[in-house]
Amino acid sequence: MKDEITRDERIDNLKGMGCSRKRVEDARFTQGKGNYVDDVKLDGMLFGDFVRSPYAHARITNIDSAAALEVPGVLAVLTAKDLEPLGLHWMPTLAGDKQMVLADGKVLFQGQEVAFVVAEDRYAAADGIEAVEVDYEELPVIVDPFESLKSDVILREDTVDENGRPTDGAHGPRNHPNHIFTWEAGDKAPTEEVLANAEIVAEESMYYHRTHPCPLETCGCVASMDKVNGKLTLWGTFQAPHAIRTIVSLISGIEEHNIRVISPDIGGGFGNKVGAYPGYVCSVVASIVTGKPVKWIEDRMDNLMTTAFARDYWMKGKISATKEGKITGLHCHVTADHGGFDACADPTKFPAGFMNICTGSYDIPTAYLAVDGVYTNKAPGGVSYRCSFRVTEAVYFIERMIEVLAIKLNMDAAELRRINFIKKEQFPYKAALGWEYDSGDYHTAWDKALKTVDYEGLRAEQAQRVEDFKAGKTRKLMGIGLSFFTEIVGAGPVKNCDILGLGMFDSCEIRIHPTGSAIARLGTISQGQGHATTFAQILASEIGLPADSITIEEGDTDTAPYGLGTYGSRSTPVAGAATAMAGRKIRAKAQMIAAYLLEVHDNDVEFDVDRFVVKGAPERFKTMKEVAFAAYNQAIPGIEPGLEAVSYYDPPNMTYPFGAYVCVMDIDVDTGVPDIRRFYALDDCGTRINPMIIEGQVHGGLTEALAVALGQEIAYDDMGNCKTGTLMDFFLPTAWEVPNYETDYTVTPSPHHPIGAKGVGESPHVGGVPCFSNAVQDAFRAFGNTHTNMPHDHWRIWKTANELGLHD
Ligand code: CDP
């Protein structure tokens with residue numbers, strides 16, 4: 001048979017890996033046809049909402065629901081007393097702690113769930129909430145984790161014995177009733193010795209403030225218990241639908257096969273939708289009690305004040321070096337404020353996530369990290385907001401320590417980085433705190449970045465600006481922010497990573513239809529990342545059917561194979577690998593079918609783009625489409641009919657994407673307003689599946705980084721009142737604040753991933769936060785600034801200028 005089109009045209013037709021295929025999801029999103037949880041409307045559906053505590057710490061002496069039950073449309077009011085006989089008044093957290101579903105005798109943070117009002121609609125529920133009378137007895141409030149560890153006030157009475165002594169926690173012994181765990185990595189004594197004998201030691205304390213992922217769509221669910229057939233269906237904004245199914249089964253006692261969890265379209269997650277919330281439990285209970293579907297949807301204040309905060313790490317570092325700037329040791333201590341319950345979403349063995357990647361991109365021979373988790377009267381959470389578990393904290397820490405060391409050495413910070421980078425030939429590189437980095441070429445990326453932005457020219461311009469400022473010719477300073485980051489994504493090898501005992505593999509199941517189109521189902525769930533577009537591209541290249549002929553489906557536990565969901569940029573490293581591996585299984589079977597059809601031995605055919613070709617006789621071939629039909633239409637000896645495959649992929653290692661970022665910023669010292677003149681972002685995520693989607697991910701991640709570095713904060717007053725519970729106070733950048741981003745890349749494939757891809761979704765956030773922050777700090781370096789804490793809002797920048805005497 002003769003080809004009508006060229007091989008290159010056949011490749012183009014597939015729209016496989018490397019192609020900027022347009023997002024298939026966008027047709028429905030841009031036409032308002034998305035299907036989000038709040039779009040789920042069922043017959044007789046009720047609405048549930050919470051009575052929440054106005055106090056950050058109080059004993060509850062009475063809850064009177066009588067008046068609420070008189071409100072038209074209110075059907076029930078659930079309290080902890082109602083849930084207690086079912087054992088559901090507390091629930092396990094992902095971090096091995098437990099959390100009150102409804103206030104059990106006391107509240108530990110402002111906005112805590114006290115009672116659940118179930119009504120015919122949202123308005124009746126709101127009226128019912130107003131009518132519930134709760135008597136509180138205020139208790140002393142602790143919002144400072146350092147105070148908490150010294151205080152006589154015991155926050156969690158359930159974590160002490162009858163003598164008030166702390167019982168052991170999920171991560172070992174605790175040394176104070178308000179202490180949650182101590183977690184260590186690396187070598188303490190050798191690190192202290194290196195630091196004690198070092199030529200140069202730089203020290204700094206920094207606070208990575210509390211913030212919040214703030215997805216556009218808040219958290220919510222619809223629970224529908226069908227009492228006739230005993231099936232519970234739960235729609236929700238779940239980043240890990242299978243894990244939610246297992247957790248619901250374990251805590252409710254409903255057998256897992258009778259639970260169907262559906263994550264429909266999700267309007268952003270960024271870590272906020274990984275954990276389990278009281279709203280889920282209460283909706284399920286309310287549906288069982290009333291026999292009707294029950295919906296719960298947070299409003300913005302609920303979301304910001306009560307579900308899954310991020311960061312809140314107080315970090316203290318020491319870094320040692322030779323006089324020439326070769327780093328010899330790193331010491332880091334973190335005091336981690338976890339709020340009222342430890343509801344962090346980290347793999348079980350890592351109570352501080354992957355904070356032990358804090359040696360960053362540098363060849364640091366000796367290091368030690370210790371993290372102390374602490375209870376305070378703040379909301380629980382501790383999720384990885386657009387980063388792998390606590391990696392943004394780790395990268396911020398090391399990228400600030402590098403800057404502080406550069407100041408101490410009176411050295412250029414770009415050069416200090418360069419002389420300490422892990423070299424290309426050192427990969428796979430075993431870091432002092434335990435991780436084995438898979439691949440990297442940091443020097444090439446760094447040189448490309450510095451050359452593109454004309455780093456030397458920028459420094460000369462900055463020096464001139466300092467002169468002009470001192471001469472009174474300008475009131476604007478210039479900051480050059482640098483950051484080089486290494487992410488650690490793709491949790492993870494099952495031997496290292498589990499959540500509540502569930503190994504963190506992922507999965508893909510493919511069914512090829514007789515006419516040569518296909519459906520692939522995965523254990524992950526897109527929240528805007530474009531999985532339906534990119535996973536089809538992986539398959540198109542692997543199996544030779546056009547991406548446009550492949551449907552990707554995620555988020556329905558009745559149909560998708562078991563997987564651990566989407567967060568920590570794990571989809572491409574884990575489920576993407578499962579997709580490639582399942583595709584290869586399809587190809588292996590298809591090769592046997594093709595060989596049979598071509599009447600040659602299996603080994604005598606080879607796969608080429610979209611077909612199997614007889615070796616040495618390219619005119620003799622069978623396309624994948626023809627093979628698919630044959631799989632259903634021919635009786636082939638020794639081969640089962642059909643063309644399907646499933647892969648459960650346990651990655652041998654994480655992937656380690658990296659990047660080099662530069663930000664150029666002008667700062668008006670009189671107003672504190674920064675003007676981002678240029679932002680250059682070079683990302684290396686290994687093999688690139690869809691360059692356009694990668695660029696979109698980088699833009700989004702950088703914008704969230706800008707938000708965090710320059711203003712976004714969840715702040716409390718001394719009484720534990722959350723001061724930033726609305727979008728009036730919580731900074732969400734708009735097009736007005738966002739600069740034009742210049743994106744670039746290098747490609748260093750992951751050696752262990754089947755297609756060499758590393759994750760990318762979170763890299764720009766991880767690298768972006770220190771880059772923006774370093775730009776602000778660098779503007780003031782010539783005037784004696786070493787470090788100021790984020791967020792660098794206008795007031796704080798003005799204050800820095802003021803403290804440095806620049807307003808005198
Ligand atoms: O887990 P999550 O989807 O949030 O993050 P990811 O695995 O980094 O992927 C984000 C998006 O970028 C997905 O649509 C990926 O397929 C795409 N991507 C890509 O095109 N090439 C890569 N090397 C990595 C991700």
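Order of listing sets the numbers, starting from 1, for every ligand and every atom in it. One is the number of the first residue; the rest follow in order along the sequence. Below, each value reflects all heavy atoms present in this structure, side chains not excepted, and no hydrogens, waters or symmetry copies.
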**OP:** Please report which non-hydrogen protein atom sits nearest to atom 5 (O) of ligand 1, along with the residue it belongs to and the distance in Å to one decimal place.
**Re:** Ser569 CA, 3.5 Å

Original post:
Can the ring centroids of Phe485 and Tyr661 be said to lie less than 6.0 angstrom from one another?
Top reply: yes

Original post:
Closest approach of His753 and Thr572, non-hydrogen atoms and distance?
Top reply: NE2-O, 2.9 Å

Original post:
Going by the order shown, which atoms of ligand 1 are within less than 4.0 Å of some heavy atom of Thr534?
Top reply: 13 (C), 14 (O), 15 (C), 16 (O)

Original post:
Which residue holds the protein heavy atom closest to atom 7 (O) of ligand 1, what is that atom called, and what is the gap in Å?
Top reply: Thr572 OG1, 2.6 Å

**OP:** Return a yes/no value for Tyr567: is any of its N or O atoms, backbone included, closer than 3.5 angstrom to an N or O of ligand 1?
**Re:** no

Subject >> Proximal atoms of ligand 1 relative to Arg570 (non-hydrogen, under 4.0 Å) >> reply: 1 (O)

Original post:
Shortest non-hydrogen contact from Glu762 to Ser569?
Top reply: OE1-N, 2.8 Å

Subject >> Pair Thr533-Glu25, side-chain donor/acceptor within less than 3.5 Å >> reply: yes

Subject >> Nearest-neighbour protein heavy atom for atom 8 (O) of ligand 1, which is reported as residue plus atom name and distance >> reply: Val760 N, 2.6 Å

**OP:** Just need the protein heavy atom nearest to atom 20 (O) of ligand 1, so name the residue and atom and give the distance.
**Re:** Asn690 N, 3.0 Å

**OP:** Please report which non-hydrogen protein atom sits nearest to atom 4 (O) of ligand 1, along with the residue it belongs to and the distance in Å to one decimal place.
**Re:** Gln529 NE2, 2.9 Å

Original post:
Nearest non-hydrogen atom to atom 23 (N) of ligand 1 belongs to which of Ile689, Ile694, Thr687?
Top reply: Thr687

**OP:** Answer yes when Glu704 and Arg386 have at least one side-chain N-carboxylate O distance shorter than 4.0 Å, and no when they do not.
**Re:** yes

Subject >> Residue of the set Tyr429, Tyr437, Phe427, Tyr656 for which ring-ring contact (aromatic ring centres under 6.0 Å, His included) holds with Tyr442 >> reply: Phe427

Subject >> Which of the ligand 1 atoms, numbered from 1, are nearer than 4.0 Å to a heavy atom of Gly759 >> reply: 8 (O)

**OP:** Answer yes or no: is there an ion pair linking Glu399 with Arg417, defined by an N-O contact shorter than 4.0 Å?
**Re:** yes

Subject >> Atoms in ligand 1 with a heavy atom of Lys758 nearer than 4.0 Å >> reply: 22 (C), 23 (N), 24 (C)

Original post:
Are Asp312 and His209 linked by a side-chain donor-acceptor pair shorter than 3.5 Å?
Top reply: no

Original post:
Of all the non-hydrogen atoms in the protein, which one sits nearest to atom 3 (O) of ligand 1, and at what distance?
Top reply: His531 NE2, 2.7 Å

Subject >> Proximity winner for atom 1 (O) of ligand 1, if only heavy atoms of Pro691, Pro573, Ser571 are counted >> reply: Ser571

Subject >> Gln712-Tyr385 side chain donor-acceptor pair, cut-off 3.5 Å >> reply: yes

Original post:
Under 3.5 Å between some N or O of ligand 1 and some N or O of Ile693?
Top reply: no

